[in-house]
2 protein chains.
Amino acid sequence: MALDRIDVKILELLQRDAHMTAQAIADAAGLSPSPCLRRIRILEEKGILKGYVALVDQKSVGLPISVFLSVRLERQREEELERFSAAINRWPEVVECYLMTGQRDYLLRVVVPDLESYEAFIKTRMSRLEGVASIESSFALSQVKYTNVLPIR
Amino acid sequence: MALDRIDVKILELLQRDAHMTAQAIADAAGLSPSPCLRRIRILEEKGILKGYVALVDQKSVGLPISVFLSVRLERQREEELERFSAAINRWPEVVECYLMTGQRDYLLRVVVPDLESYEAFIKTRMSRLEGVASIESSFALSQVKYTNVLPIR
DNA sequence: GGTGAAATTTTAGGTGC
DNA sequence: GCACCTAAAATTTCACC
(Lines give C-alpha, C1' and ligand atoms only; values in the text may rest on other atoms or scores of the structure.)
Protein backbone atom coordinates (compact mmCIF):
# COMPACT_ATOMS: atom_id res chain seq x y z
CA MET A 1 0.00 0.00 0.00
CA ALA A 2 2.55 2.59 1.16
CA LEU A 3 0.63 5.79 1.66
CA ASP A 4 2.57 9.03 1.45
CA ARG A 5 1.74 12.33 3.06
CA ILE A 6 -0.53 13.37 0.22
CA ASP A 7 -2.55 10.15 0.33
CA VAL A 8 -3.04 10.50 4.06
CA LYS A 9 -4.15 14.10 3.59
CA ILE A 10 -6.63 13.11 0.89
CA LEU A 11 -8.08 10.34 3.07
CA GLU A 12 -8.41 12.71 6.00
CA LEU A 13 -10.24 15.30 3.93
CA LEU A 14 -12.59 12.80 2.30
CA GLN A 15 -13.40 11.15 5.63
CA ARG A 16 -14.64 14.52 6.85
CA ASP A 17 -16.42 15.67 3.71
CA ALA A 18 -16.91 13.47 0.69
CA HIS A 19 -18.54 16.31 -1.23
CA MET A 20 -15.35 18.28 -1.62
CA THR A 21 -14.51 18.85 -5.26
CA ALA A 22 -11.30 17.48 -6.74
CA GLN A 23 -10.19 21.08 -7.03
CA ALA A 24 -10.66 21.81 -3.33
CA ILE A 25 -8.98 18.56 -2.27
CA ALA A 26 -6.10 19.24 -4.63
CA ASP A 27 -5.61 22.73 -3.20
CA ALA A 28 -5.65 21.47 0.38
CA ALA A 29 -3.31 18.58 -0.42
CA GLY A 30 -0.93 20.73 -2.42
CA LEU A 31 -1.28 19.40 -5.95
CA SER A 32 -3.49 19.84 -9.01
CA PRO A 33 -6.87 18.22 -9.63
CA SER A 34 -5.87 15.53 -12.13
CA PRO A 35 -3.20 13.69 -10.15
CA CYS A 36 -5.38 14.18 -7.09
CA LEU A 37 -8.30 12.43 -8.71
CA ARG A 38 -5.93 9.76 -10.03
CA ARG A 39 -4.77 9.04 -6.48
CA ILE A 40 -8.37 8.85 -5.29
CA ARG A 41 -9.23 6.29 -7.99
CA ILE A 42 -6.22 4.20 -6.98
CA LEU A 43 -7.25 4.35 -3.31
CA GLU A 44 -10.71 3.18 -4.36
CA GLU A 45 -9.37 0.32 -6.47
CA LYS A 46 -7.14 -0.87 -3.64
CA GLY A 47 -10.16 -0.93 -1.35
CA ILE A 48 -8.66 1.61 1.02
CA LEU A 49 -11.54 3.93 0.21
CA LYS A 50 -14.45 1.57 0.79
CA GLY A 51 -17.23 3.89 -0.27
CA TYR A 52 -19.07 7.15 0.11
CA VAL A 53 -22.07 7.41 2.37
CA ALA A 54 -24.49 9.93 3.82
CA LEU A 55 -24.74 10.21 7.60
CA VAL A 56 -28.24 10.43 9.06
CA ASP A 57 -28.99 11.90 12.47
CA GLN A 58 -30.31 9.13 14.72
CA LYS A 59 -32.60 11.28 16.81
CA SER A 60 -34.12 13.12 13.85
CA VAL A 61 -35.38 9.91 12.34
CA GLY A 62 -36.85 8.65 15.58
CA LEU A 63 -34.05 6.31 16.61
CA PRO A 64 -32.71 7.85 19.81
CA ILE A 65 -31.70 4.63 21.55
CA SER A 66 -28.47 2.69 21.25
CA VAL A 67 -28.19 -0.49 23.23
CA PHE A 68 -25.01 -2.49 23.71
CA LEU A 69 -25.34 -6.24 24.03
CA SER A 70 -22.72 -8.59 25.41
CA VAL A 71 -23.45 -11.99 23.98
CA ARG A 72 -21.96 -15.33 24.95
CA LEU A 73 -22.45 -18.44 22.88
CA GLU A 74 -22.74 -21.97 24.22
CA ARG A 75 -20.01 -23.18 21.93
CA GLN A 76 -17.48 -21.27 19.86
CA ARG A 77 -17.24 -23.64 16.94
CA GLU A 78 -16.86 -22.15 13.51
CA GLU A 79 -20.34 -23.28 12.62
CA GLU A 80 -21.85 -21.41 15.58
CA LEU A 81 -19.89 -18.27 14.86
CA GLU A 82 -20.92 -18.38 11.20
CA ARG A 83 -24.57 -18.78 12.05
CA PHE A 84 -24.47 -15.89 14.49
CA SER A 85 -22.63 -13.66 12.04
CA ALA A 86 -25.06 -14.42 9.25
CA ALA A 87 -28.05 -13.66 11.48
CA ILE A 88 -26.91 -10.30 12.81
CA ASN A 89 -25.85 -9.23 9.33
CA ARG A 90 -29.44 -9.75 8.21
CA TRP A 91 -30.88 -7.63 11.04
CA PRO A 92 -30.93 -3.90 10.29
CA GLU A 93 -31.20 -2.98 14.00
CA VAL A 94 -27.66 -4.24 14.56
CA VAL A 95 -25.34 -1.53 13.30
CA GLU A 96 -22.11 -2.80 14.83
CA CYS A 97 -20.84 -6.18 15.95
CA TYR A 98 -17.42 -7.29 17.13
CA LEU A 99 -15.99 -10.69 18.00
CA MET A 100 -14.35 -10.12 21.38
CA THR A 101 -11.69 -11.52 23.67
CA GLY A 102 -12.46 -12.15 27.31
CA GLN A 103 -15.74 -12.90 29.06
CA ARG A 104 -18.12 -12.34 26.21
CA ASP A 105 -18.01 -13.54 22.63
CA TYR A 106 -19.71 -10.64 20.87
CA LEU A 107 -20.35 -6.98 21.48
CA LEU A 108 -23.27 -5.51 19.52
CA ARG A 109 -24.68 -2.04 19.10
CA VAL A 110 -28.38 -2.12 18.37
CA VAL A 111 -30.39 0.93 17.31
CA VAL A 112 -34.10 1.14 18.16
CA PRO A 113 -36.86 3.80 18.39
CA ASP A 114 -37.97 2.89 21.93
CA LEU A 115 -37.81 0.29 24.67
CA GLU A 116 -40.78 -1.54 23.28
CA SER A 117 -38.93 -2.11 20.02
CA TYR A 118 -35.94 -3.26 21.98
CA GLU A 119 -38.04 -5.82 23.78
CA ALA A 120 -39.35 -6.97 20.43
CA PHE A 121 -35.83 -7.24 19.08
CA ILE A 122 -34.76 -9.43 21.99
CA LYS A 123 -37.86 -11.60 21.81
CA THR A 124 -38.24 -12.08 18.09
CA ARG A 125 -34.61 -12.01 17.04
CA MET A 126 -32.01 -12.74 19.69
CA SER A 127 -33.85 -15.22 21.85
CA ARG A 128 -34.83 -17.30 18.85
CA LEU A 129 -31.21 -17.74 17.84
CA GLU A 130 -29.83 -21.12 18.75
CA GLY A 131 -26.61 -21.45 20.67
CA VAL A 132 -26.84 -18.20 22.62
CA ALA A 133 -25.82 -18.78 26.23
CA SER A 134 -26.41 -15.31 27.63
CA ILE A 135 -27.21 -11.72 26.74
CA GLU A 136 -26.45 -8.65 28.80
CA SER A 137 -27.78 -5.24 27.77
CA SER A 138 -26.53 -1.78 28.65
CA PHE A 139 -28.20 1.38 27.46
CA ALA A 140 -26.53 4.47 26.09
CA LEU A 141 -27.90 7.69 27.55
CA SER A 142 -26.22 9.81 24.90
CA GLN A 143 -23.66 9.71 22.16
CA VAL A 144 -20.66 11.71 23.34
CA LYS A 145 -18.60 11.08 20.21
CA TYR A 146 -19.13 9.28 16.93
CA THR A 147 -16.82 9.65 13.99
CA ASN A 148 -15.80 7.73 10.91
CA VAL A 149 -12.47 9.57 10.81
CA LEU A 150 -9.66 7.14 11.59
CA PRO A 151 -6.40 8.24 13.24
CA ILE A 152 -4.21 7.47 10.22
CA ARG A 153 -0.44 7.76 10.88
CA MET B 1 -40.21 16.33 10.53
CA ALA B 2 -42.72 13.80 9.20
CA LEU B 3 -40.87 11.72 6.66
CA ASP B 4 -42.92 10.01 3.99
CA ARG B 5 -42.07 6.88 2.08
CA ILE B 6 -40.07 8.75 -0.51
CA ASP B 7 -37.93 10.54 2.08
CA VAL B 8 -37.19 7.26 3.81
CA LYS B 9 -36.24 5.71 0.50
CA ILE B 10 -33.93 8.59 -0.35
CA LEU B 11 -32.23 8.38 3.06
CA GLU B 12 -31.78 4.65 2.67
CA LEU B 13 -30.19 5.03 -0.74
CA LEU B 14 -27.87 7.85 0.28
CA GLN B 15 -26.78 6.02 3.42
CA ARG B 16 -25.57 3.17 1.21
CA ASP B 17 -24.07 5.22 -1.60
CA ALA B 18 -23.71 8.97 -1.48
CA HIS B 19 -22.32 9.06 -5.00
CA MET B 20 -25.60 8.16 -6.66
CA THR B 21 -26.69 10.81 -9.14
CA ALA B 22 -29.92 12.70 -8.57
CA GLN B 23 -31.22 10.91 -11.63
CA ALA B 24 -30.51 7.46 -10.21
CA ILE B 25 -31.98 8.32 -6.82
CA ALA B 26 -35.06 9.76 -8.46
CA ASP B 27 -35.55 6.62 -10.53
CA ALA B 28 -35.19 4.35 -7.50
CA ALA B 29 -37.47 6.50 -5.37
CA GLY B 30 -40.09 6.83 -8.09
CA LEU B 31 -40.02 10.53 -8.90
CA SER B 32 -38.12 12.93 -11.12
CA PRO B 33 -34.75 14.55 -10.39
CA SER B 34 -35.97 18.06 -9.53
CA PRO B 35 -38.27 17.29 -6.62
CA CYS B 36 -35.84 14.59 -5.54
CA LEU B 37 -33.03 17.11 -5.21
CA ARG B 38 -35.38 19.51 -3.48
CA ARG B 39 -36.19 16.87 -0.87
CA ILE B 40 -32.51 16.16 -0.33
CA ARG B 41 -31.79 19.86 0.26
CA ILE B 42 -34.62 20.04 2.77
CA LEU B 43 -33.32 16.95 4.58
CA GLU B 44 -29.90 18.62 4.72
CA GLU B 45 -31.30 21.90 6.05
CA LYS B 46 -33.25 20.12 8.75
CA GLY B 47 -30.07 18.38 9.86
CA ILE B 48 -31.49 14.94 9.16
CA LEU B 49 -28.75 14.45 6.58
CA LYS B 50 -25.73 15.38 8.68
CA GLY B 51 -23.12 15.10 5.97
CA TYR B 52 -21.37 13.02 3.37
CA VAL B 53 -18.22 11.11 4.20
CA ALA B 54 -15.80 8.59 2.74
CA LEU B 55 -15.30 5.30 4.55
CA VAL B 56 -11.73 4.07 4.94
CA ASP B 57 -10.80 0.44 5.54
CA GLN B 58 -9.23 0.15 9.00
CA LYS B 59 -6.89 -2.72 8.21
CA SER B 60 -5.64 -1.21 4.95
CA VAL B 61 -4.36 1.88 6.69
CA GLY B 62 -2.63 -0.08 9.43
CA LEU B 63 -5.26 0.26 12.14
CA PRO B 64 -6.45 -3.30 12.72
CA ILE B 65 -7.21 -3.00 16.42
CA SER B 66 -10.40 -1.79 18.07
CA VAL B 67 -10.43 -1.69 21.85
CA PHE B 68 -13.51 -1.10 23.96
CA LEU B 69 -13.04 0.71 27.26
CA SER B 70 -15.47 0.77 30.13
CA VAL B 71 -14.72 3.87 32.14
CA ARG B 72 -16.02 4.85 35.56
CA LEU B 73 -15.56 8.31 36.99
CA GLU B 74 -15.07 9.14 40.64
CA ARG B 75 -17.90 11.64 40.56
CA GLN B 76 -20.63 12.21 37.99
CA ARG B 77 -20.95 15.95 38.40
CA GLU B 78 -21.59 18.00 35.29
CA GLU B 79 -18.12 19.46 35.52
CA GLU B 80 -16.50 16.01 35.48
CA LEU B 81 -18.63 14.82 32.59
CA GLU B 82 -17.81 17.95 30.62
CA ARG B 83 -14.09 17.57 31.16
CA PHE B 84 -14.16 13.95 30.11
CA SER B 85 -16.23 14.71 27.04
CA ALA B 86 -13.94 17.53 25.97
CA ALA B 87 -10.86 15.34 26.36
CA ILE B 88 -12.03 12.35 24.37
CA ASN B 89 -13.35 14.62 21.64
CA ARG B 90 -9.82 15.96 21.22
CA TRP B 91 -8.28 12.49 20.90
CA PRO B 92 -8.41 11.06 17.38
CA GLU B 93 -7.92 7.47 18.63
CA VAL B 94 -11.38 7.59 20.21
CA VAL B 95 -13.88 7.05 17.43
CA GLU B 96 -16.96 6.37 19.54
CA CYS B 97 -18.03 7.26 23.04
CA TYR B 98 -21.33 6.77 24.85
CA LEU B 99 -22.58 7.86 28.24
CA MET B 100 -24.02 4.70 29.73
CA THR B 101 -26.48 3.45 32.32
CA GLY B 102 -25.44 0.80 34.81
CA GLN B 103 -22.05 -0.13 36.18
CA ARG B 104 -19.86 2.03 34.00
CA ASP B 105 -20.17 5.67 33.02
CA TYR B 106 -18.68 5.57 29.54
CA LEU B 107 -18.14 3.07 26.78
CA LEU B 108 -15.41 3.99 24.29
CA ARG B 109 -14.14 2.47 21.08
CA VAL B 110 -10.49 3.26 20.51
CA VAL B 111 -8.66 2.52 17.26
CA VAL B 112 -4.91 1.84 17.29
CA PRO B 113 -2.26 0.27 15.02
CA ASP B 114 -0.88 -2.13 17.67
CA LEU B 115 -0.78 -3.00 21.36
CA GLU B 116 2.17 -0.71 21.91
CA SER B 117 0.13 2.25 20.72
CA TYR B 118 -2.70 1.15 22.95
CA GLU B 119 -0.38 1.13 25.93
CA ALA B 120 0.76 4.62 24.97
CA PHE B 121 -2.85 5.75 24.69
CA ILE B 122 -3.64 4.49 28.18
CA LYS B 123 -0.49 5.95 29.69
CA THR B 124 -0.33 9.34 28.02
CA ARG B 125 -4.03 10.04 27.62
CA MET B 126 -6.42 8.15 29.84
CA SER B 127 -4.34 7.79 32.98
CA ARG B 128 -3.50 11.48 33.00
CA LEU B 129 -7.17 12.41 33.05
CA GLU B 130 -8.36 13.48 36.46
CA GLY B 131 -11.45 11.97 38.00
CA VAL B 132 -11.21 8.55 36.34
CA ALA B 133 -11.95 5.82 38.88
CA SER B 134 -11.40 2.76 36.72
CA ILE B 135 -10.80 1.55 33.19
CA GLU B 136 -11.52 -1.88 31.81
CA SER B 137 -10.39 -2.87 28.31
CA SER B 138 -11.71 -5.56 26.00
CA PHE B 139 -10.22 -6.26 22.61
CA ALA B 140 -12.07 -6.89 19.39
CA LEU B 141 -10.72 -9.83 17.42
CA SER B 142 -12.65 -8.84 14.32
CA GLN B 143 -15.38 -6.60 13.07
CA VAL B 144 -18.36 -8.78 12.23
CA LYS B 145 -20.59 -5.90 11.17
CA TYR B 146 -20.21 -2.17 10.83
CA THR B 147 -22.72 0.01 9.06
CA ASN B 148 -23.89 3.59 9.04
CA VAL B 149 -27.27 2.53 7.66
CA LEU B 150 -29.96 3.14 10.30
CA PRO B 151 -33.12 1.01 10.52
CA ILE B 152 -35.47 3.86 9.61
CA ARG B 153 -39.20 2.97 9.95
C1' DG C 1 2.69 15.47 -11.68
C1' DG C 2 0.80 19.32 -14.78
C1' DT C 3 -2.32 21.44 -18.55
C1' DG C 4 -6.35 21.99 -21.17
C1' DA C 5 -10.49 20.65 -23.69
C1' DA C 6 -14.51 17.43 -24.06
C1' DA C 7 -18.25 15.03 -21.86
C1' DT C 8 -21.22 14.17 -18.18
C1' DT C 9 -23.69 15.81 -14.31
C1' DT C 10 -25.60 19.00 -11.24
C1' DT C 11 -28.48 22.89 -10.50
C1' DA C 12 -31.97 26.38 -11.31
C1' DG C 13 -35.84 28.27 -13.64
C1' DG C 14 -40.43 28.11 -15.93
C1' DT C 15 -44.89 25.88 -17.35
C1' DG C 16 -48.73 22.80 -16.93
C1' DC C 17 -51.17 19.20 -14.28
C1' DG D 1 -46.47 19.13 -4.85
C1' DC D 2 -44.83 16.81 -8.94
C1' DA D 3 -43.54 16.06 -13.95
C1' DC D 4 -41.30 17.81 -17.79
C1' DC D 5 -38.30 20.63 -20.40
C1' DT D 6 -34.61 23.82 -21.07
C1' DA D 7 -30.38 26.05 -20.21
C1' DA D 8 -26.29 27.43 -17.64
C1' DA D 9 -22.64 26.23 -14.45
C1' DA D 10 -19.61 23.17 -12.44
C1' DT D 11 -17.07 18.95 -12.20
C1' DT D 12 -15.11 14.84 -13.74
C1' DT D 13 -12.48 12.57 -17.32
C1' DC D 14 -9.00 11.81 -20.50
C1' DA D 15 -6.18 12.98 -23.99
C1' DC D 16 -1.05 14.59 -24.13
C1' DC D 17 3.14 17.22 -22.34
Side-chain angles (χ1 to χ4, degrees), chain A residues 1-63 113 147-153, chain B residues 1-58 60-63 147-153:
Chain A
M1 27 210 99
L3 304 174
D4 63 14
R5 295 287 159 84
I6 296 177
D7 288 323
V8 171
K9 185 70 183 171
I10 290 172
L11 290 176
E12 202 179 300
L13 293 165
L14 283 176
Q15 280 186 107
R16 294 200 148 79
D17 180 10
H19 270 189
M20 283 182 80
T21 64
Q23 181 69 61
I25 299 168
D27 288 345
L31 76 174
S32 68
S34 285
C36 182
L37 214 50
R38 196 151 50 217
R39 278 167 180 266
I40 293 173
R41 296 289 165 263
I42 292 170
L43 291 168
E44 288 169 353
E45 282 163 20
K46 285 186 179 172
I48 296 174
L49 276 169
K50 284 194 292 187
Y52 303 91
V53 304
L55 297 182
V56 170
D57 185 62
Q58 269 190 236
K59 284 187 185 170
S60 303
V61 294
L63 295 167
T147 180
N148 59 297
V149 181
L150 300 173
I152 306 175
R153 288 265 132 158
Chain B
M1 30 211 92
L3 303 174
D4 63 13
R5 295 288 160 84
I6 297 177
D7 288 322
V8 172
K9 185 71 184 171
I10 290 172
L11 291 176
E12 203 180 298
L13 293 166
L14 283 176
Q15 280 186 109
R16 292 187 203 283
D17 181 10
H19 270 189
M20 284 183 79
T21 65
Q23 181 68 61
I25 298 169
D27 288 345
L31 78 175
S32 67
S34 288
C36 182
L37 214 49
R38 192 155 54 226
R39 279 168 180 266
I40 292 172
R41 295 288 164 265
I42 292 169
L43 292 168
E44 288 169 352
E45 282 163 20
K46 285 185 178 171
I48 296 174
L49 276 169
K50 285 194 291 186
Y52 303 90
V53 304
L55 297 182
V56 169
D57 185 61
Q58 269 190 235
S60 303
V61 295
L63 295 166
T147 180
N148 59 295
V149 181
L150 300 173
I152 304 175
R153 288 270 132 154

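Here is how names work: the chains are called A, B, and so on, in the same order as the sequence lines, proteins then strands, and each is numbered from 1.
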N148(A) side, atom CG; Q58(B) side, atom CD - distance, nearest 0.5 Å: 11.0 Å

T147(B) and V149(B) have their tightest heavy-atom pair at OG1-N, 2.9 Å

Between atom NZ of K9(A) and atom CG of L3(A), what is the distance when rounded to the nearest 0.5 Å? 15.0 Å

Contact between I10(A) and R39(A) at the side-chain level, heavy atoms closer than 4.5 Å - yes or no? yes

Indicate, with a heavy-atom threshold strictly under 4.0 Å, whether G30(B) touches base, sugar-phosphate, or nothing. sugar-phosphate

Looking at residues at least two apart in the chain, or sitting in another chain, which of them share a side-chain contact (heavy atoms from CB on, under 4.5 Å) with A26(B)? P33(B), C36(B)

Donor-acceptor list for residues 42-56 of chain B side chains, cut-off 3.5 Å, not counting sequence neighbours:
from: E44(B); atom 1: OE1; to: R41(B); atom 2: NH1; distance (Å): 3.0
from: E44(B); atom 1: OE2; to: R41(B); atom 2: NH1; distance (Å): 3.2
from: E44(B); atom 1: OE2; to: Y52(B); atom 2: OH; distance (Å): 2.6

Its contact letters, B for base, S for sugar-phosphate only and - for none at protein heavy atoms under 4.0 Å, make nucleotides 10-17 of chain D read -SSBB---

Nucleotide interval of DNA chain C bounded by contacts with chain A (heavy-atom cut-off, under 4.0 Å): dG1(C) to dG4(C)

Side-chain heavy-atom pair L14(A), I40(A) within 4.5 angstrom cut-off: yes

With axes from five pairs an end, tell me the bend angle of the helix from dG1(C)-dC17(D) to dC17(C)-dG1(D), nearest 10°. 30°

Would you mind writing out the side-chain donor-acceptor pairs for residues 16-25 of chain B within the sub-3.5 Å range, not counting sequence neighbours?
from: D17(B); atom 1: OD1; to: H19(B); atom 2: N; distance (Å): 2.9
from: T21(B); atom 1: OG1; to: A24(B); atom 2: N; distance (Å): 3.1
from: Q23(B); atom 1: NE2; to: D27(B); atom 2: OD1; distance (Å): 3.2

Working to the nearest 0.5 Å, report the span between CG of D7(B) and CD of E12(B). 12.5 Å

What one should report as the nearest heavy-atom pair of A28(A) and L13(A) is CB-CD1, 3.7 Å

